[in-house]
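Here the structure is laid out as structure tokens; the discussion comes afterwards.
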Amino acid sequence: MGLRRAVTILGSTGSIGVNTLDVIERHSDKFRVTALTAHSRIDLLQQQCIRFRPDYAVVADEAQARALTQQLASGGCRTHVLAGPQALETVAALPEVDSVMAAIVGAAGLRPALAAAHAGKRVLLANKEALVMAGALFMDAVRASGALLLPIDSEHNAVFQSLPRDFGRGLEQVGVRRIVLTASGGPFRTLPLAALATVTPEQACKHPNWVMGRKISVDSATMMNKGLEVIEACWLFGARAEQVQVVVHPQSVIHSLVTYLDGSTLAQMSFPDMRTPIAYALGYPDRLEAGVRELDLVAIGALQFEAVDEERFPCVRLALSAFASGGTAPAILNAANEVAVEAFLAGRIGFTQIAALISDALAQQAPLPVSELEQVLQADQQARLRAHAWLRQHGVAANVAAVTN
Ligand code: NAD
Ligand code: MG
């Protein structure tokens with residue numbers, strides 16, 4: 001057997017995690033799974049352990065770990081089960097691991113993704129929140145360790161594919177004028193504005209082109225996702241915010257574009273299926289079969305493009321203004337958004353109150369400069385406290401929501 005690349009998947013039970021294992025299973029001659037992690041759906045993690053036989057699995061707490069250890073042992077599976085946030089960092093930095101898929105959702109994914117970056121791994125980054133919260137620290141860690149950072153977010157993967165290999169010299173140096181991120185516009189692109197206040201979590205999570213976790217689905221519905229992605233693009237590609245344009249493209253066939261000085265624009269197109277960017281990053285620089293169906297241009301017929309409606313999607317502006325403020329402002333934005341999305345999903349606030357909560361958080365908490373991780377984590381904690389206070393004032397009580405849900 002040849003040398004197989006050892007992979008850790010942080011968040012293996014999520015939408016990205018499951019798609020990653022699907023690609024890996026198609027190429028078991030090239031990859032082996034060293035560690036899998038999950039916070040819930042431990043039954044699915046158990047199935048994944050039996051199938052992929054990782055050396056380690058990580059769960060949230062000791063009780064979960066004991067239960068999973070017993071179940072695995074009775075099935076003859078020797079996976080070593082660890083528990084807690086520190087263990088996520090451990091499996092992200094194991095010396096025998098080559099590639100780390102960072103696919104935990106939200107701020108919880110920051111420390112383990114950063115651990116992979118510090119350890120000089122091939123980092124397959126799905127967890128965009130890590131770059132939004134701590135972009136400067138993250139990119140410093142990548143440079144210092146010589147880690148290879150490969151974007152999984154479909155837009156950034158498309159940009160990466162459309163840039164020259166040496167874009168790290170600087171976008172101007174390689175002749176790039178602009179990065180164009182496409183956005184589907186989500187499920188509410190054409191809904192009458194007056195109806196936005198009363199949309200349900202189920203409607204918000206029903207994305208027209210992608211099946212994703214609930215948090216990113218709501219982010220796509222508010223278009224906060226695109227705001228976070230502009231910030232992500234700036235850090236990944238060394239761009240200024242003015243160099244990144246957002247264009248609504250409802251078909252999600254062109255995943256993003258790069259415009260050069262000579263007027264050329266290069267785009268990456270594919271059927272909307274996350275296994276394409278995942279396979280690209282796993283195999284880079286080689287191409288892997290991903291199980292994704294080929295684009296049928298004639299069947300698609302036409303592609304549409306339109307500008308972002310900023311009245312409908314105020315979250316885009318909020319994200320850009322937090323990025324312009326700099327320091328801890330994007331971490332404050334991210335934390336407030338996570339609390340707001342969770343409250344919306346729990347029926348505590350309406351859809352249009354998501355932007356109101358975030359706007360209040362940014363107005364109330366002054367951003368501070370960032371030179372170390374602790375400052376980011378403190379800003380995150382403080383923003384969460386304020387957001388919960390805002391919810392007590394403006395939201396429905398949590399237990400009432402539980403009944404009506
Ligand atoms: P998901 O909700 O489907 O899965 C999240 C994973 O993280 C699960 O395995 C869960 O157990 C784990 N997790 C959740 N909270 C945790 C915690 N506190 N500690 C440890 N683990 C925890 O989410 P997803 O849709 O797979 O998205 C994952 C990340 O990838 C997000 O940052 C998202 O923005 C990004 N992303 C997703 C897609 C997509 O198509 N799903 C596309 C682009 C980017
Ligand atoms: Mg995306």
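Counting starts at 1 for both ligands and their atoms, following the listed order. Only a predicted model underlies this, so the values are computations on that prediction, with no experimental measurement involved.
Inspection of the Thr8 and Thr34 side chains reveals no N or O donor paired with an N or O acceptor under 3.5 Å. Under the 3.5 Å distance criterion, with hydrogens and angles disregarded, a donor-acceptor pair is assigned to the side chains of His255 and Ser270. Using modelled atom types and a 3.5 Å distance limit, the side chains of His156 and Glu232 yield a donor-acceptor pair. Side chain to side chain, Gln161 and Asn157 meet the donor-acceptor criterion of an N or O pair below 3.5 Å. At a cut-off of 3.5 Å, with distance as the only test, a side-chain donor of Ser184 or His207 sits close to an acceptor on the other residue. With 3.5 Å as the limit, one finds no donor-acceptor pair spanning the side chains of Asn334 and Asp380.
With ligand atoms numbered from 1 in the order given, ligand 1 contributes 17 (C), 18 (N), 19 (N) to contacts under 4.0 Å with heavy atoms of Ala108. Each of the following atoms of ligand 1 lies closer than 4.0 Å to a heavy atom of Ala126: 30 (O), 32 (O), 35 (C), 36 (N), 44 (C). Set against the non-hydrogen atoms of Asn127, the atoms of ligand 1 under 4.0 Å away are 32 (O). Atoms of ligand 1 lying under 4.0 Å from at least one heavy atom of Gly11, given by number and element, are 6 (C), 7 (O), 9 (O). The atoms of ligand 1 that sit less than 4.0 Å from any heavy atom of Glu129 are 31 (C), 32 (O), 34 (O). Close approach of ligand 1 to Ser40 is summarised as follows: ligand atoms under 4.0 Å from at least one heavy atom of the residue are 11 (O).
Ion pair Asp22/Arg275 flagged as a salt bridge, since at least one NZ, NE, NH1 or NH2 atom sits closer than 4.0 Å to an Asp/Glu carboxylate oxygen. Taking a cutoff of 4.0 Å between a charged side-chain nitrogen and a carboxylate oxygen, Arg51 and Glu25 qualify as a salt bridge. Salt-bridge annotation for Lys226 and Glu155: present, with a side-chain N of the basic residue lying under 4.0 Å from a carboxylate O of the acidic one.
Nearest to atom 14 (C) of ligand 1 among the protein's heavy atoms is Val105 CG1, 3.8 Å. Taking atom 27 (O) of ligand 1 as the reference point, the nearest protein heavy-atom neighbour is Ile16 CG1, 4.2 Å. For atom 33 (C) of ligand 1, the nearest protein heavy atom (residue, atom name, distance) is Ile216 CD1, 3.9 Å. Scanning all protein heavy atoms for the shortest distance to atom 6 (C) of ligand 1 gives Ala103 O, 3.6 Å. Summary of contacts: the protein heavy atom closest to atom 4 (O) of ligand 1 is Gly14 CA, 3.1 Å. From the protein, the heavy atom lying nearest to atom 21 (N) of ligand 1 is His39 CB, 3.5 Å. The protein heavy atom nearest to atom 9 (O) of ligand 1 is Thr13 OG1, 2.8 Å. Protein heavy atom nearest atom 2 (O) of ligand 1, with residue, atom name and distance: Gly213 CA, 3.9 Å.
Among heteroatoms of the N, O or S kind in Asp153, OD1 lies nearest the Mg ion (ligand 2). The atom of Glu155 nearest to the Mg ion (ligand 2) is OE1, with the search restricted to N, O or S atoms. Looking at Glu229, its N, O or S atom nearest to the Mg ion (ligand 2) turns out to be OE2.
A ring-centre distance under 6.0 Å is found for Phe188 and Phe351.
Annotation: Thr37 places no N or O atom under 3.5 Å from an N or O atom of ligand 1; distance criterion only.
Distances from ligand 1 to the non-hydrogen atoms of Lys215 include no value under 4.0 Å.
With contacts defined as side-chain heavy-atom distances shorter than 4.5 Å, the pair Ser12/Leu45 qualifies.
When all heavy atoms of Phe138 and Leu149 are compared, the pair lying nearest together is CE2-CD1, 3.9 Å.
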